[in-house]
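Here's the structure, in structure tokens; my notes come after.
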Amino acid sequence: MWIPEGIVLLAAIIILLTGLRLKNAKLLAGLARFSLLLTMLATILIKTYSWKHHLDTLISELWFMDHIAFVMKLTIEITAWFVLGLGVHYTQHEDIGSGEYYALTLFAVLGMLIVASAAHFMVLFVGLELFSLAIYALVASQCHISIGIEAAIKYFVTGALASGLLLYGISLIYGATGQLAFVPLMQDLGVIANGHSLLISFGVICILVGVAFKLGVAPFHMWVPDIYEGAPLSVMLWIATTAKIAAFAILVRLLWNVLAPLGSIWQPLVQFLALLSILVGNTAAIAQSNFQRMLAYSSIAHMGYLLLAVQLNTESAWSVALFYMLSYVIGTLTAVAVILLLQHKHAHIKQINDLCGLHQRHPWLAFILLLAMFSLAGVPPLLGFMAKWQIVQMLIEQQQIGYAITAMLLTIVGAYYYLRIIKVIYFDDLQPLDPAKPNIYPPALLAVQPTASIMAALCGGSLLFLGIFPAQLLQFCLQVF
Amino acid sequence: MNLLPFALLALSAPLLGSLLAGFGGRLLGRCASHCLAIGLLAVAWMCSVTLLYQMWYQHAPALDWMGYNWLTSASLHIDFGLLIDRLSVAMMMIVTSISLLVHIYSIGYMHDDPAYQRFFSYMSLFTFAMLILVTANNVIQLFFGWEGVGLVSYLLIGFWFKKPSAALGAYKAFIVNRVGDFGLLLGLALLLYYVGSLNYQPIFAKAAWIAQQHIIFLHGHSVRLVSLICILLFIGAMGKSAQMPLHVWLPESMEGPTPISALIHAATMVTAGVYLVVRMSPLFSGSPVALSVVLVVGATGALLLGLIGLVQNDIKRIIAYSTMSQLGYMMAAAGASAFSAAIFHLISHAFFKALLFLGAGSVILAMHHQQDIRKMGGLRSYLPITYITFLIGSCALVALPPFSGYYSKDAIIEAVHLAPIWGGHYAYICLLLGAFVTALYTFRLFFLTFHGSPRFDIDKEHLPHESPWVVWLPLVLLAVPSVLFGIVHVQEFIYTSPEGWLGQVVYVMPALRNYLSDWISEFHGVFIATAQAVFELPFWFTIAGIMTAWILYLVKPSLRAKYIKPDNLISRILRAKYGFDSFNDSIIVRGVQSLSRLFYHIGDMRLLDEGIVNGSAHRIKQLAQWMRCLQTGYLSYYLFVMALAWVILLATWVGWF
Amino acid sequence: MIGLSHYLSVSAIIFSISILGLMINHRNLITLLMCIELMLLAVSTNFIAFARYLHQPAGEVFVFLILAVAAAESAIGLAILVLWFRQHHSVDVEQLNRLKG
């Protein structure tokens, strides 16, 4: 049952030990990605095995083996595989120590896998800390770049505060019920749902704050833009995609597998957080000139939409939230993949204006970026539109028409900054990097990277394909919950 | 035999070709791009042939395939589905055939264009959208294809977007079509509201019920629902099929490359309106009023728009006016409930009109992009193949037996003659006179271009010469059906039953079935019909037209100067195109402009711009700046905000507690 | 008699002090690490008090995990801090403001 985690752990230790001596980054990257492939295979095999033999979905009150765990693990592994594959060249060129980089990413994956299966507060806590600590270190992995370290410190301190709040909440819930395992705890909470004490509601709010921090939801979002901007691009991609899925897994475990009976406490708060998040993310993104920072605010807004589904707290709403999460992750992955492909040793793409005239130099990459931006903005027929549509429809069905309208209006505001990128890449002229050297343009390829290019095209294509044929994915999401 | 794979393949092949030529164009190079686009289109053509074979010879039943539900919102289902029946197969056949030939032709015609791959990509995309339009099994998908072909048409008219007239023509086409689409959308909305579905099947199943509904307007005026829906749908068809008064965009569309004029603005896209009316025949047959409107608008356009062709001098514009006139014939046939005759004319027209346009393109190539027929003449000896094929096309257009145009047009005129609906006599007279006019302008064009003495500067070094084989081969291939199509297929297509070959696909009002039966009973075989031509009025009108053209433009051109003053009233009216353009410019455009200026000054600048649009954008930008300032960068401040938010959440909960 | 509520109050006070310390401290990064430790200790106190009260070992086990994680966290925090110190030769919190907006 612990084979996937075991493979990742083993690979992480091997890389950690050999990485000190072995300087061949390609080999290490290959090993890491190979171990992830094995993990995916193991995850699928175990799922089919336990499904065929009707094994219990809960192992000794500590470990879930249910659909949610399976889906979360699989998406974490797949996105991790993509993130590693896309970042190979970048990490090499940016002098990010390859041994530590791959070992830390694998430890982070291990933590995320643990979180996805956690059925007990202790397991959850250990997994959460494992991947958080690994990511703190990853953010600082470019030892010589000052803003990277600044980002790491900020992330570390705010993250520690959030963990503290989460733990405090857990302790209060524990004190009120005497339970730390999710399944019995949820039963107990179901019994006392109507007559809960101050202790429990304080605990719930503290836990909510901790999770909101991990998701990067306003007003606990202050770390997000700084860390996105300061971190190396490949690490930023980690935080924006894989870590977000893990944060969503925590959200699902805590709010759906534990606190669902106490919806009356957290639903109004989540509503508030969601709307604030959409507002803050979409408006603040407009004023940004740095691409990574813009993506950070975009992610804040997207997490707001996600919570708008979550606050309904029904099975189908959670399914839609999962669907939305997938659409967000694929969209972000696509966008950052293009930017990663365009990084040049002497010409970093940091500002949005560095993308001027991309269309003229790399029409394919420009088109993939266009797909990503359209999807994130929610333009039909792309996946992002479908996801937003599902949420809005769900809200209307639940008679929350005011929220639906607010969300749609703020989407229009949000479309502004996505479309600005499209304007820059299609309608602005190429700007030479340096007036003295008119032949070097900023959007220059780092190197010809066939694998990474194919991966980027695959992500972009799936945005379009799943936008046109969303039914299977949607059905799949509906069966998870 | 399962028809579905063929239909799906026919749809996806042009899309793939378009994507490959569009995105891989630079990588593939010119040759590989056009080979791929043409090869994939040939696949689509083969599929269409297979489907047609199954329908025509094996009498395969229609296929209504509900493929995929993309989106559902209350009663609005956006589905992807296919309806493969005789009508759609006939349309698929015509679209893929013409498109294939035009693709081949474009290799030669667009040879020197820098945006060669983009051109092929657009054409394949057009083919895809058109196939979507004709194979849809619901109106939403039809609308998707409808807008798709409109978009590609816009892109292709403006293909040489650096030329101001092309860009303007593209705008005009786009805007006028929006007027039509407005009607179409309203019609669709009414259908959705009353039927609760936009798939053909439920709509047609409820056609009888819709026919009995009334809508009550203010003051208790009641209107038949079905008439309202049909007229709104017909407004959409008028925009797309360039019927009066929404025809003004089609002449301007001639600014696009000539292959496009042949493919989109003659053979396929402009016939989409006719297709819509025929497809919606169960609804139209419920409303005599709507049928009369279709009949009268079509017949009026057939005559009046043909007349304008008499005074035009641009070779492509003359053919464009002829196209509008012929579309009028098709509409008139649909209005007279002779749906099969309308589709039959649509098919034969597609062949000979594409032939004429491509022939004109060949002439334009030879004349180094000179399009004014006053500066041509005597091209017969320089362009022998173009000459012969153009002659065949002209004969088919003016409906000389035994060319294909004769059978279709004769059937239409006869049907309209017999049709016992309001406006039938008027329409009959229009169409008869139209026959004369058609012959006159067609042969005026023909004689001025190919006969007489050359009116261009003869340069011994650069004599006009026949175009390369990729250009003349499609001409020859189109000439064959222009001659044979009518004589071979007319009997089975039109004269087997009142509905014709389309059979179950179309629905004719019971009151009109009798007249249609009379009409087909007068047909006694193709050869008798051909021989009978000399006893019929339209034939002599045509001959008269040709003779007039011959006398005025070849034998005695001096007569023209003597009797036709260049500034007499009629030719002034015709040259002003009945004043539609100036009316649009002076009343609609300027009216809208002054109205909008009024609104602009009062409403926009004061209220909307300052208040709502710019105001809100301004507010949001201010908000964005403010939000930026909130992100101070100080760690203690971040921690403070987090803790504060936590405390506030706790406090609100305590407050509620 | 010292009961559960006293323990809880103490831990809440410690928790608040640590959070206030995080917010008020503008000078020293090391103090931030200390405050984080303090916060985790407050939580641990809570757990132990509840475990004693409920007569359950689970809470006490959790405390061990928290302590272990706190050690790891300090290690990572100090490592990052050393990186910062190498470049800036200071541990001033106020200097951490190049990323903003």
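Model, not experiment: these values are computed from the prediction.
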To the closest 0.5 Å, what do you measure between CD (A/Glu150) and CG (C/Leu99)? 4.0 Å
Proximity breakdown for C/Gln56 and chain A, heavy-atom pairs closer than 4.5 Å: both
Any idea which heavy atoms bring A/Ala137 and C/Ile76 closest together, and the distance? CB-CD1, 4.3 Å
Examine whether an atom of A/Ala181 lies under 4.5 Å from a heavy atom of chain C, and if so say whether it belongs to the side chain, the backbone or both; otherwise answer neither. neither
Region of A/Leu166 that comes under 4.5 Å of a non-hydrogen atom in chain C: neither
Tell me, for A/Ile153 versus chain C, whether the close heavy atoms (under 4.5 Å) come from the side chain, the backbone, both or neither. both
Toward chain A, the part of C/Ala51 with a non-hydrogen atom under 4.5 Å: both
Please examine the side chains of A/Ile149 and C/Phe85, heavy atoms only from C-beta on, and report whether any two atoms are closer than 4.5 Å. no
Rounded to the nearest 0.5 angstrom, the CD1-OG distance for C/Ile36 and A/Ser163 is 9.0 Å
Whatever's closer than 4.5 Å to a heavy atom in chain A on C/Ala12 counts as both
Contact class of A/Tyr297 relative to chain C, heavy atoms under 4.5 angstrom: side chain
For C/Leu83, is it the side chain, the backbone, both or neither that has a heavy atom under 4.5 Å from a heavy atom of chain A? both
Do C/His88 and A/Ser146 have side-chain heavy atoms sitting under 4.5 Å apart? yes
Among A/Val157, A/Ile170, A/Leu161, which residue forms the greatest number of heavy-atom pairs with chain C at distances under 4.5 Å? A/Leu161
Output the distance between atom NZ (C/Lys100) and atom CZ (A/Arg293), rounded to the nearest 0.5 Å. 10.0 Å
Please report the interatomic distance OG(A/Ser171) to CZ(C/Phe15), rounded to the nearest 0.5 Å. 8.0 Å
Sort C/Leu96 into side chain, backbone, both or neither according to what part of it lies under 4.5 angstrom from a heavy atom of chain A. both
Side chain, backbone, both or neither: which part of C/Phe62 has an atom under 4.5 Å from a heavy atom of chain A? both
Out of C/Leu32, C/Ile66, C/Leu81, which one racks up the most heavy-atom pairs below 4.5 Å with chain A? C/Ile66
Taking the side chain as every heavy atom from C-beta outward, state whether A/Phe156 and C/Leu33 have any pair of such atoms under 4.5 Å apart. yes
For the residue pair A/Tyr174 and C/Phe47, categorise the inter-ring angle as parallel (less than 30°), tilted (30 to 60°) or perpendicular (more than 60°). tilted
Spacing of A/Leu165 atom CG and C/Ile19 atom CD1 [to the nearest 0.5 Å]: 5.0 Å
With chain C, which of A/Ile227, A/Leu167, A/Val126, A/Leu172 has the greatest number of heavy-atom pairs at distances under 4.5 Å? A/Leu167
To check you understand the geometry: which heavy-atom pair defines the closest contact between A/Glu129 and C/Glu73, and what is its length? OE1-OE1, 2.6 Å
Given a strict heavy-atom distance threshold of 4.5 Å, which part of C/Ile80 is in contact with chain A: side chain, backbone, both, or neither? both
